[in-house]
Chemist: 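Pasting in a structure now, in structure tokens, and then I'll have a few things to ask.
Treat the numbers as computed from the prediction; the structure is a model and nothing was measured. All values below were derived from every heavy atom in this structure, side-chain atoms included, with hydrogens, water molecules and symmetry-related copies excluded.
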Amino acid sequence: MTITPDSPSVLTALDRPNSYIGRSVPRPNLRRLTEGRGSYVSDTVLPRMLHVVFVRSPHAHARIRAIDTLAASKAPGVVAAFVGADLTEVMSPWVGVLTHLKGLKSAPQYPLAMERACWQGEAVCAIVARTRALAEDAAALVDVDYEELPAVADAETALDPQTPVIHPELGDNLTFERRVNAGDPDQGMRDAAEIVEATFVFGRHTGVCNEARAIVADWNAAEQRLTVYQGTQAPHMMQNLFAKHLGIAEQQVRVITKDVGGSFGVKVHAYADEMATVAIAKLLRRPVKFVADRLESFLTDIHARDHRVHGKIGVKKDGTITVFEIDDLTGIGPYSVYPRTSGIEANQVVNLTGSWYRCPNYRALARVVFQNKNVMCQYRAVGHPIATAVTEGLVDLAAARIGMDPVEIRRRNLIPDDGYPATAPSGIKFEKLSQEAALQKIVTMMRYDDLRAEQERLRKQGVYRGIGMTTFVEVTNPSPTFYGIGGARISAQDGVTMRLDGAGTVFCHTGVSEQGQGTEAVIAQVAASAFGVPISSVRVIMGDTDNTPYGGGTWASRAAGIAGEAAWQAGKALRANVLALAATILQAQPQSLDLRDGIVVDAASSRERMGLDEIARIAHFRPDTLPPGFQPELVATRHYVPRAWPFAFTNGVQASYLEVDVDTGFVKLLRHWCVEDCGTIINPLLVDEQVRGGIVQGIGAALYEHCVYDERGQLLNGNMADYLVPMASEMPDMDIGHVVTPTADSELGAKGAGEAGTAGAPGAVMNAINDALRPLGAKTLTEMPFTPGLILRAIGRI
Amino acid sequence: MSIESCPIVLTVNGETVIENVEPRTTLVDFLRDSLGLTGTRTGCEHGVCGTCTVRVDGTIVRGCLMLAVQCDGARVETIEGVSDTGEIADLQENFRLRNALQCGFCTPGILLTAQELLSRGGMPDREAIRLHLSGNYCRCTGYQAIIDAVETTARQRTGTNS
Ligand code: FES
Ligand code: FES
């Protein structure tokens, strides 16, 4: 078994006796999950609960002339049927815009389509019945009279004057546009010995969480309170949205999130069908459950990517990059998704492309357009795989053009490790990256020179192997500049409340949530280390807006870095409280004592003085024995929000080694490497598995995953048989290495690690395929996913 | 479309169960909705993801592709059952130690599928483990940790050194 060896913590402040920081502690909740005893929303059953199913538009764009629900309403077990107008009584529409994305526009969206359906799969009618099967039977009886309208399917022509405008009141199909002109791009072009250009296409794909979106909404009319069980990444954000659009106060809404069967950015948005479920529960005054089936998931879970980027790079003979230029076009469906908007991905592409290289000259244009396809929004590593693959694809093409080794050209252009802080041409700021060290480390780990020799040898035998590399950065620990500044009520801070109970164990409440990535373990490790107890004495409470500090949740790789720091500070504060109490009991100075492994000791000699259980006993049950006027404080709360930098950037390098079968076009992945720098590593095992899972999601995008639409806006492969996902037999083993550069913005120094894998993998696979096929004079492959057909065409075999 | 229910008698995790089910009810829906055995789940409901894997008469099947009425007289075992008998306690512990699960939604199906391979005896290589699990979708882990945990269990059970 390859359990990652514990790596020593680099920060002495974290080296408390018996610290869990830097140790591969198994997650506390895993036994429950291995025994099938988890509690997911799809498992939830409440008394008097009803099931809702949705009738969805079969057309990409259609006027709804009439909906006849009479037969459905009379079907066995049916309790109610709703069309769009029925829900407007209790729920207001929403518009997915943020003020800091200047000019971003969208149209009001309703829980059920009103007079028009704007994508195939948009819910137009809801049927509520005793069981899901009965609701589905009845839904088949709903008769919708549609008048099909022309569909805007192709992003390329969405802005043409002859193309219909999806929301006429907006004037055109342009959602958002951003331009950057930094340094002197024209001079950069003139300085270049070679200018290389390519068009990169990133197919639409989607999250395919193993557990589909699920929600149970329960309106208690007597309490005037809504309880929502939802598999969400951001419970407090959803609390706010449900309250706002139902027109009730936030404290009338409680959101409970237990186990979530994967989220990856899919479960951090307001979905019309989930909003409808909540509205229906309010109208029916009883619990209503909605669980998307897999076909609905493909049609309605946010899609991602779908970018076409024309890229240009200028390079001198010595390898110096003189300019980057990109023109990005992306289609986001008919609405900008609420509340995070669908402008963020293109904005990130502009922010990130070329940013970790020294080249100061940069020109970028990004346009985001409406179309009649499913909505697109933030999915794991938002924008990163695009920015990385475009940047690194261009760098590889430039290297090939001037005959330079791909590692060498990167070495010559990366911002040097001693060159920080640095500001990229797009304006984003780096506190400190370690790209040179990461590159050096991966070259050693993968034995780059040996692999090149092996590749050369095998080519002579007609075996085509390729090595592809990407350097990349990852946005983590976002400050309020991400959403809050644009008006979204998405908390940038998080808090941790620690309380000591009568047995001397601690409860640790936090607003971040567990989606499987291991937040619960990380918070427990940090809290136990800072406070000074065995990890078995810590219980973490999350996913309940009634019982956790108000916070942001889990997205943009923020949980460990932000809530982790709050836990660290809360642990220290509670320790100070407990030592003050112990000092009173022991008649000692608090600073002469410490709490270690659940025992108060003399700090200098480690001599044991008193167990925490005894201190808790006195504090809770015999405070009468304490001196008058001394009040023990047994709860401590601390918050943290990054302030010094808009984001803490994680950075790294990935490499892919693969073999292309030139007869079948199949790609066999042989090995994959990643070296990343997420600052202080709280749990090496969890970090490595985040990276591995992320890499495989990136590989999915590079090789398999694609939501294929036809010109009428019909999704052709919306099921798991036709939409391919990575499975065990095709995936390689992955070697993960680390460079550790803590952020100085927090004491803990942790940056995020959840998205690095997905950011770098697609570009690495792309570069490896092109490297493999270069001796065959193949056309450069830049259109993901790289299917066998595309590969065979590139080498002229078909 | 109210279709008459059929009586079925079967054993589930060693207990005799007598129920009436509609002919259209799948085995996985029956286990979840009628018996409350929610450790068995659906990921696709069309036979691709393996999340619904259970054992019927000792063989693993996809609970979404089998009807409950087909299990009349059968012996059905779910993750709850094999957890309680301790049959796969070593495998579960290796999953825990290796972090071979993240969200855990796929895990019951993967454990039962891996146990089928392991119970054949012998020391499967990594390729064989990957191949045997190739019908079980996991979005979270990237599979490597799962392969490691199964490999470790095989080694421990066969007394093979690493
Ligand atoms: S739910 Fe049965 S195979 Fe996916
Ligand atoms: S652990 Fe989430 S799907 Fe496998």
Side-chain angles (χ1 to χ4, degrees), chain A residues 1-3 24 26-27 29-40 42-43 45 75-77 131 133-134 137 207-212 259-264 293-294 515-518 685-686 689-690 692-697 719-721 725-734 757, chain B residues 1-2 22 24-25 29 32-33 36-49 51 78-80 83 92-99 101-108 111 126-127 129-131 133-149 151-152 155 162:
Chain A
M1 171 152 44
T2 49
I3 286 187
S24 291
R27 290 160 53 203
N29 51 358
L30 287 193
R31 183 157 169 214
R32 187 164 56 79
L33 298 181
T34 60
E35 296 193 3
R37 290 180 162 114
S39 179
Y40 301 84
S42 42
D43 303 334
V45 176
T131 70
L134 291 171
D137 292 343
V208 201
C209 303
N210 207 332
E211 184 190 30
D259 294 313
V260 181
S263 53
F264 318 110
D293 70 22
R294 186 55 58 190
Q515 318 281 309
Q517 76 280 49
L685 177 65
L686 299 189
E689 294 317 316
Q690 277 301 296
R692 289 198 173 98
I695 287 171
V696 166
Q697 263 176 320
N719 62 74
M720 281 195 74
V725 288
M727 300 298 272
S729 49
E730 290 92 30
M731 288 305 106
D733 279 342
M734 296 158 267
Chain B
M1 213 182 300
S2 189
E22 280 187 42
R24 65 175 175 176
T25 305
D29 282 352
R32 290 176 60 81
D33 299 342
L37 291 166
T38 52
T40 310
R41 315 190 172 101
T42 59
C44 70
E45 294 175 272
H46 49 261
V48 185
C49 72
T51 309
T78 71
I79 187 67
E80 291 90 345
S83 297
Q92 287 165 318
E93 179 62 1
N94 285 324
F95 266 60
R96 190 178 77 86
L97 292 175
R98 182 60 188 86
N99 202 51
L101 61 156
Q102 290 183 24
C103 77
F105 203 75
C106 67
T107 310
L111 289 168
R126 291 178 76 77
E127 254 337 277
I129 299 169
R130 282 190 180 276
L131 210 60
L133 293 174
S134 66
N136 287 76
Y137 175 56
C138 174
R139 186 49 135 182
C140 301
T141 62
Y143 301 106
Q144 184 170 340
I146 295 173
I147 309 304
D148 289 345
E151 190 181 31
T152 301
R155 239 184 231 126
S162 51

Chemist: For Thr51(B), is it the side chain, the backbone, both or neither that has a heavy atom under 4.5 Å from a heavy atom of chain A?
Modeler: side chain
Chemist: Does any backbone or side-chain atom of Gln515(A) lie under 4.5 Å from a heavy atom of chain B? Answer side chain, backbone, both or neither.
Modeler: backbone
Chemist: Counting only non-hydrogen atoms closer than 4.5 Å, does Thr42(B) touch chain A with its backbone (N, CA, C, O), its side chain (CB onward), both, or neither?
Modeler: backbone
Chemist: Arg130(B) side chain to Met731(A) main-chain N or O, any donor-acceptor pair under 3.5 Å?
Modeler: yes
Chemist: Please find the pair of heavy atoms, one from Cys106(B) and one from Asn210(A), that lie closest to each other, and give the distance.
Modeler: CB-ND2, 3.4 Å
Chemist: How long is the straight-line distance from OG of Ser729(A) back to CG of Asn136(B), given to the nearest 0.5 Å?
Modeler: 11.0 Å
Chemist: At what distance, to the nearest 0.5 angstrom, does CD of Glu45(B) lie from CG of Asn719(A)?
Modeler: 12.5 Å
Chemist: For the residue pair Cys140(B) and Phe264(A), establish whether any side-chain heavy-atom pair is separated by less than 4.5 Å.
Modeler: yes
Chemist: For chain A, find which of Ile129(B), Thr40(B), Thr141(B) contributes the most heavy-atom pairs closer than 4.5 angstrom.
Modeler: Thr141(B)
Chemist: Of all heavy-atom pairs between Arg24(B) and Ala133(A), which one has the smallest distance, and what is that distance?
Modeler: NH2-CB, 3.5 Å
Chemist: For the residue pair Met720(A) and His46(B), what are the closest heavy atoms and their distance?
Modeler: N-NE2, 2.9 Å
Chemist: Quick check on Leu111(B) against chain A: is it the side chain, the backbone, both or neither that has a heavy atom closer than 4.5 Å?
Modeler: side chain
Chemist: Quick one: what part of Arg96(B) sits under 4.5 Å from any heavy atom of chain A, side chain, backbone, both or neither?
Modeler: both
Chemist: Going through the distances and angles, do Gln102(B) and Gln690(A) end up as a side chain to side chain donor-acceptor pair (under 3.5 Å)?
Modeler: CA-CA 9 Å; Gln102(B) 290 183 24; Gln690(A) 277 301 296; 3.1 Å; yes
Chemist: Are any non-hydrogen side-chain atoms of Arg139(B) and Gln697(A) less than 4.5 angstrom apart?
Modeler: yes
Chemist: Could you give me the CA-CA distance, side-chain angles and deciding distance for Leu133(B) and Met727(A), then say whether side chain to side chain contact (heavy atoms under 4.5 Å, CB included) is met?
Modeler: CA-CA 8 Å; Leu133(B) 293 174; Met727(A) 300 298 272; over 6 Å; no
Chemist: To the nearest 0.5 Å, tell me how far Leu131(B) CG sits from Glu730(A) CD.
Modeler: 9.5 Å
Chemist: Side chain, backbone, both or neither: which part of Ala721(A) has a heavy atom under 4.5 Å from chain B?
Modeler: both
Chemist: Do the side chain of Tyr143(B) and the main chain of Pro732(A) share a donor and acceptor less than 3.5 angstrom apart?
Modeler: no
Chemist: Hey, does Leu30(A) have a side-chain heavy atom less than 4.5 Å from the side chain of Asn99(B)?
Modeler: yes
Chemist: Between Phe105(B) and Ser42(A), does a side chain to side chain contact (heavy atoms under 4.5 Å, CB included) hold up when you go through it step by step?
Modeler: CA-CA 11 Å; Phe105(B) 203 75; Ser42(A) 42; 4.0 Å; yes
Chemist: For Val696(A) and Gly142(B), work out which heavy atoms get closest and say how close.
Modeler: CG2-CA, 3.4 Å
Chemist: Does the side chain of Ser83(B) reach to within under 4.5 Å of the side chain of Arg37(A), using non-hydrogen atoms?
Modeler: yes
Chemist: Could you tell me which portion of Thr107(B) (side chain, backbone, both or neither) has an atom closer than 4.5 angstrom to a non-hydrogen atom of chain A?
Modeler: side chain
Chemist: Would you say the side-chain atoms of Arg294(A) pair up with the backbone N or O of Gly43(B), donor to acceptor, closer than 3.5 Å?
Modeler: yes
Chemist: Which pair of heavy atoms, one from Leu685(A) and one from Leu97(B), lies closest together, and at what distance?
Modeler: CD2-O, 3.5 Å
Chemist: Hey, does Arg31(A) have a side-chain heavy atom less than 4.5 Å from the side chain of Gln92(B)?
Modeler: no
Chemist: Can you tell if the side chain of Val208(A) reaches within under 4.5 Å of the side chain of Tyr137(B), non-hydrogen atoms only?
Modeler: yes
Chemist: Would you mind telling me which of Pro726(A), Ala212(A), Gly38(A) has the largest number of heavy-atom pairs within less than 4.5 Å of chain B?
Modeler: Pro726(A)
Chemist: Specify which of Cys49(B), Ser134(B), Gly39(B), Gly36(B) makes the most heavy-atom pairs with chain A at under 4.5 Å.
Modeler: Ser134(B)
Chemist: How about Asp43(A) and Arg32(B): do any of their side-chain heavy atoms sit closer than 4.5 Å?
Modeler: yes
